[in-house]
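For ligands, and for the atoms within them, numbers begin at 1 and follow the listed sequence.
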Amino acid sequence: MAILHNDTFLRALLRQPVDYTPLWIMRQAGRYLPEYNATRARAGDFLSLCKSPDLATEVTLQPLERFPLDAAILFSDILTIPDAMGLGLRFAAGEGPKIDRPLRDEAAVRALRAPDPAASLRYVTDAVSQIRRALDGRMPLIGFSGSPYTLACYMIEGGGSDDYRHIKGMLYARPDLLHRILEVTTQAVIDYLNAQIAAGAQAVMVFDSWGGSLSHAAFHEFSLPYLARIAEGLTPAAEGRIVPRIVFTKGGGLWLESLAGAGYDALGLDWAVDIGEARRRVGHRVALQGNCDPMALFGTPQSIEVEVSRILASYGKGSGHVFNLGHGVSQFTPPEHVGALVDAVHRLSRAYHHDQPAGSPT
Ligand code: CP3
């Protein structure tokens, strides 16, 4: 088994005893860090940054040099899969992602194939191995993918959307076509995450960022079953350790019981949910990751500390909590406020773990 100096994050995901609540931050390597912007400028654009294993390694490590975080996350994007499927991906500066050839007709859907990660996503697995070497066992590395429904949103809308009218039009008019896209994409996600695990990812997270835009019935038909199939298809362990799985349905607070049965070790929570209530609902089945409002970082170091103590107290004593934001950190966040958050979580959380006798049920 490869040496891992800080396994607090992996232990918390498996609800094993820990000394403090571990944390990492969604989009921890991103535009709020001046050193990230400098590296992206050297790369030319965001996609070239993702496609260079050297530069992806460099930016993955940047937040870890500043803050004592408990996990690293692969620097990449969920849209690498639609790109590898040949749909044509661009990130126009300040505009977000654009897909050149969105899936709008039956012929395009029938032609869709799951890419072979060894051929068209090699730059991602190369980055994973290179980041693992650079981390040298300091902390675990998280791999990730978008969920089939979230990827389908971009593949059908052709970019971000306020109303999702193309995908929802297909969902209601031609559910068979949407299911076909989701089938192919589910296979792509399984192959992609297993390739990341084979290359060295020590935990994996599935971002179901747009699952929360669905109706109750549609979520249970078009997102949840595919999330469950992914969990079933993932490599369970590598290097002698369990590879924990996290699923994050943004806006999924109403469906935590369903999500807790989907085969994942942990559920990501957005900030709309009370984490103590979530724990009472599902905490005997899964760990919880979250759930500070990213905008809380626009307060002061004192107000950030108050918010951290509120979330820690709401979760309560014992393991099974990975602290995080409820969504990505905003590009306008002052980096020193991220530092205040990290410090507060580490300092204040010890009281929630200390009198846990080792090995006691949590
Ligand atoms: O967390 C991390 O530090 C790892 C890196 C990461 C990025 N994207 C880098 C990124 C991760 C995990 C993602 C996931 C991702 N990408 C999601 C799921 C999470 C979520 O936010 O709900 C989604 C929906 C995407 C698609 C995407 N990528 C969008 C909509 C955008 C534009 C919006 C924005 O924030 O600019 C991106 C671009 C992107 N992905 C950036 C970063 C650092 C900013 C690009 C830049 O540097 O200009």
Any side-chain donor near an acceptor of the partner, Thr150 and Ser147, under 3.5 Å: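 There is such a pair (donor and acceptor under 3.5 Å, judged by atom type) between the side chains of Thr150 and Ser147.
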Minimum-distance protein heavy atom relative to [atom]:
atom	answer
atom 7 (C) of ligand 1	Ser76 O, 3.2 Å
atom 1 (O) of ligand 1	Arg27 N, 2.6 Å
atom 43 (C) of ligand 1	Tyr36 OH, 3.6 Å
atom 21 (O) of ligand 1	His327 NE2, 3.1 Å
atom 34 (C) of ligand 1	Arg31 NH2, 3.0 Å
atom 16 (N) of ligand 1	Asp77 OD1, 3.0 Å
atom 46 (C) of ligand 1	Arg40 NH1, 2.8 Å
atom 32 (C) of ligand 1	Pro97 CD, 3.7 Å

With the threshold set at under 4.0 angstrom, would you say [X] reaches ligand 1 through any of its heavy atoms?
X	result
Gln28	yes
Tyr154	yes
Gly160	no
Leu74	yes
Gly328	no

Check: Gly233 main-chain N/O paired with Asn194 side-chain donor or acceptor under 3.5 Å: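 Here the side-chain-to-backbone pair exists.
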Nearest-0.5 Å distance that lies between atom CZ in Phe222 and atom CG in Leu178: 5.5 Å
Residue Arg347 excluded, over 12 heavy atoms near CZ under 6.0 Å: yes
Within 6.0 Å of CZ in Arg40, more than 12 heavy atoms from elsewhere: yes
Under-4.0 Å salt bridge between Glu106 and Arg174: yes
Basic-acidic side-chain contact under 4.0 Å: Asp83, Lys51: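 Result for this pair is yes, salt bridge flagged.
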Geometric class of the Trp210/Tyr164 ring pair [parallel <30°, tilted 30-60°, perpendicular >60°]: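 Plane angle between 30° and 60°, so tilted.
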Aromatic plane relationship, Phe46 with Phe75 - under 30° parallel, 30 to 60° tilted, over 60° perpendicular: perpendicular
Phe207 neighbourhood, listing ligand 1 atoms whose heavy-atom distance to it stays under 4.0 Å: 12 (C), 18 (C), 19 (C)
Met26: numbered ligand 1 atoms lying under 4.0 Å from its heavy atoms: 1 (O)
For Cys50 against Asp77, the heavy-atom pair lying closest together: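 Reported closest heavy-atom pair: SG-N, 4.3 Å.
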Closest candidate by heavy atom, reference [atom], pool [options]:
atom	options	value
atom 14 (C) of ligand 1	Leu79, Asn324, Ile78	Ile78
atom 22 (O) of ligand 1	Gly96, Ser209, Ala43, Ala29	Ser209
atom 45 (C) of ligand 1	Tyr32, Phe91, Phe46, Trp210	Phe46

Arg279 to Tyr315 six-membered ring, cation-pi geometry met (6.0 Å, 45°): yes
